[in-house]
Amino acid sequence: MTAETLFASLQLSVPELVLAVGAMVLLMIGVFSSERSTPTVTGLAVALLIIAGLWLVLKTGEGEAYGGAFLSDPFAKFMKVLALIGSITAMVMTVGHARSAQIDRFEFPVLLVLATLGMLLMISANDLISLYLSLELQSLALYVVAAINRDSIRSTEAGLKYFVLGALSSGMMLYGMSLVYGFTGHTGFDEIAAALTAEGRSLGLVFGLVFILAGLAFKISAVPFHMWTPDVYEGAPTPVTAFFAAAPKVAAMSILVRIVINAFEPVVADWQQIIVFISIASMLLGAFAAIGQRNIKRLMAYSSIGHMGYALVGLAAGSMAGVRGVILYMLIYMIMTLGTFACILAMRRKEGEHVENIDDLAGLSQTNPFMATVLTILMFSLAGIPPLAGFFAKYFVFVAAIEAHLYALAIIGVLASVVGAYYYLRVIKVMWFDEAKGEFARTAGELRLVFGLSGLFVLGYVLIGGPLGSAAEVAARTFF
């Protein structure tokens with residue numbers, strides 16, 4: 001690599017370099033200032049993410065870097081901005097709750113920055129090796145974050161489960177990558193696609209593809225690799241769960257889109273069957289398994305599994321309309337989820353105790369009408385009720401599936417959505433029709449801001465959907 005190409009590569013990856021160097025600096029500040037530095041490090045971490053996002057939008061060009069292993073294109077930029085918004089919002093939401101959730105350590109924001117760095121690198125990965133390294137950077141930070149409250153058995157158990165199952169999925173993915181390399185002789189996505197076009201597929205390569213998709217399905221918590229999700233969502237501190245539910249899902253779905261549309265496009269008939277299967281399984285499990293849940297974090301875990309299934313409906317179509325639907329779905333899902341978790345974080349009694357049961361929301365419409373109204377809007381949107389944002393998210397992916405003649409997939413998706421509406425409506429019923437059990441403590445300003453803006457977005461999506469749809473179409477056109 002010459003000095004000119006290295007300089008060009010560095011220019012394309014400035015946001016990632018900012019986060020990498022910034023994380024090291026924040027770590028030094030934390031180490032030399034001890035625990036007193038936590039608020040300072042958190043504030044600087046948020047500033048670092050904002051700087052990376054602004055540079056990404058205003059300064060970063062397009063092209064390949066580091067010998068084709070790193071890609072900067074409209075799709076990568078759009079999804080990186082989404083991931084950064086998710087990380088910034090989740091970090092802001094932790095500010096007032098770090099002490100009560102016992103995560104007020106300077107390592108916490110540093111780990112979130114490193115996880116975000118892994119996500120950005122993963123979204124831009126154009127090579128199996130860069131994909132694996134970025135995925136592990138993100139995962140290792142998340143394993144620690146899940147178990148950061150060492151005094152809580154639930155948190156420790158959540159971290160351990162996530163680590164063990166994550167290591168298993170990582171091994172499966174690495175095995176799949178070795179098979180793909182063995183049968184094509186390449187690790188770059190473009191070269192793999194060219195080899196498949198020239199030579200056709202073999203049985204060994206299909207096995208490799210299955211193992212890679214299994215590893216990525218774990219990251220988006222799609223069935224049958226979803227088993228960690230309910231326990232980790234419930235056991236991890238709520239601010240950590242809010243982070244898990246948003247940005248990492250966006251990054252994992254992005255690389256899933258890139259790898260099947262870019263690298264394995266010549267074997268579309270093979271990966272389409274896998275995507276259709278895990279999509280149907282995720283939608284059905286997400287719809288039925290959540291019905292009996294009493295803990296709202298577990299409910300959101302099963303909701304997340306179901307929503308990943310709906311997003312995969314668009315990917316199964318394998319068309320530009322399908323990819324555009326996936327992009328918009330992840331945008332809308334992330335905002336709805338962050339708003340909902342802001343409401344969950346606000347579920348705190350005046351004595352300081354955090355509560356997580358759905359029944360604890362009883363009579364919220366009488367004690368906190370604003371929060372009850374916003375949470376109602378978000379629940380209706382998650383259920384896919386028109387004219388809210390969640391309806392349009394599902395509409396775009398189902399239309400793409402119908403255009404690709406995947407009629408059975410679209411019908412199953414609609415039916416699963418109807419079943420899933422039950423448990424969202426039950427939350428609304430508890431808030432508006434049950435007798436109040438007690439009043440929550442005053443909601444922190446940052447949480448009111450997050451769930452207020454989230455509710456506004458969901459309600460007003462019909463007015464701003466046009467420009468967002470156009471941006472998503474530009475991003476989707478990257479592959480076609």
Side-chain angles (χ1 to χ4, degrees), residues 46 49-50 53-54 56-57 77-93 239 241-251 253-254 300 303-304 306-308 310-311 314 324-346 368-397 417 421 424 427-428 431 443-476:
V46 171
L49 294 173
I50 292 171
L54 290 174
L56 181 69
V57 173
K77 289 171 81 169
F78 190 98
M79 300 310 273
K80 281 181 183 180
V81 168
L82 273 197
L84 283 166
I85 290 170
S87 295
I88 291 165
T89 309
M91 208 177 288
V92 167
M93 282 160 57
T241 309
F243 181 75
F244 271 46
K249 294 285 173 73
V250 170
M253 187 62 79
S254 303
M300 289 304 295
S303 167
S304 167
H307 281 287
M308 291 303 104
Y310 297 124
R324 175 177 172 268
V326 173
I327 293 168
L328 285 171
Y329 202 103
M330 294 313 294
L331 163 67
I332 293 167
Y333 163 78
M334 188 186 79
I335 291 173
M336 292 188 299
T337 302
L338 286 170
T340 306
F341 272 101
C343 293
I344 294 170
L345 275 165
N368 192 335
F370 176 63
M371 181 175 153
T373 303
V374 172
L375 192 52
T376 301
I377 292 167
L378 293 170
M379 288 293 123
F380 274 133
S381 184
L382 285 163
I385 306 294
L388 302 173
F391 165 76
F392 290 103
K394 289 179 180 174
Y395 173 78
F396 292 134
V397 292
S417 196
Y424 296 121
V427 175
I428 296 168
M431 288 191 295
T443 308
E446 65 271 11
L447 296 182
R448 290 175 71 88
L449 179 67
V450 170
F451 66 65
L453 289 175
S454 180
L456 202 62
F457 173 87
V458 164
L459 208 53
Y461 180 81
V462 70
L463 304 175
I464 58 169
L468 288 174
S470 302
E473 192 158 339
V474 170

To the nearest 0.5 Å, what is the distance between [atom1] ([X]) and [atom2] ([Y])?
X: Y333; Y: S304; atom1: OH; atom2: OG; answer: 3.0 Å
X: L382; Y: H307; atom1: CG; atom2: NE2; answer: 4.5 Å
X: M371; Y: M431; atom1: CE; atom2: CE; answer: 8.0 Å
X: L345; Y: M93; atom1: CG; atom2: CE; answer: 5.0 Å
X: L82; Y: I332; atom1: CG; atom2: CD1; answer: 10.5 Å
X: F392; Y: L328; atom1: CZ; atom2: CG; answer: 11.5 Å

What are the two closest heavy atoms between [X] and [Y], and how far apart are they?
X: L49; Y: S87; answer: CD1-CB, 4.0 Å
X: S417; Y: K394; answer: OG-NZ, 2.8 Å
X: G86; Y: L338; answer: CA-CD1, 4.0 Å
X: S303; Y: Y424; answer: OG-OH, 2.6 Å
X: I88; Y: V46; answer: CG2-CG1, 4.2 Å
X: M330; Y: A311; answer: SD-CB, 4.1 Å

Test item: [X] side-chain N/O and [Y] main-chain N/O as donor-acceptor pair under 3.5 Å:
X: S454; Y: V450; value: no
X: Y329; Y: F396; value: no
X: T89; Y: I85; value: yes

Inset, instruction - I would like to know whether L375 and M379 meet side-chain contact (heavy atoms from CB on, under 4.5 Å); could you show each step before the answer? - result: CA-CA 6 Å; L375 192 52; M379 288 293 123; 4.0 Å; yes
Inset, instruction - Go through the steps to decide whether Y461 and L468 satisfy the test side-chain contact (heavy atoms from CB on, under 4.5 Å), and finish with yes or no. - result: CA-CA 9 Å; Y461 180 81; L468 288 174; 3.8 Å; yes
Inset, instruction - For the residue pair F341 and I344, establish whether any side-chain heavy-atom pair is separated by less than 4.5 Å. - result: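 Contact flag for F341/I344 side chains = yes.
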Legend entry - Side chain to side chain, F380 and V458, heavy atoms closer than 4.5 Å: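 Counting from C-beta outward, F380 and V458 never come under 4.5 Å.
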Inset, instruction - For this output row, return yes or no: ring centroids of F370 and F451 closer than 6.0 angstrom. - result: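 Yes, ring centres under 6.0 Å apart.
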Inset, instruction - Would you mind listing every salt bridge (charged side-chain N to carboxylate O under 4.0 Å, His left out) that reaches into residues 325-339, with sequence neighbours excluded? - result: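 Counting only pairs at least two positions apart or across chains, no salt bridge (charged side-chain N to carboxylate O under 4.0 Å, His left out) contact touches residues 325-339.
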Inset, instruction - Sort and list the pairs that fulfil salt bridge (charged side-chain N to carboxylate O under 4.0 Å, His left out) and have at least one residue in residues 456-473, not counting sequence neighbours. - result: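 Only R324-E473, E473-R477 qualify under salt bridge (charged side-chain N to carboxylate O under 4.0 Å, His left out).
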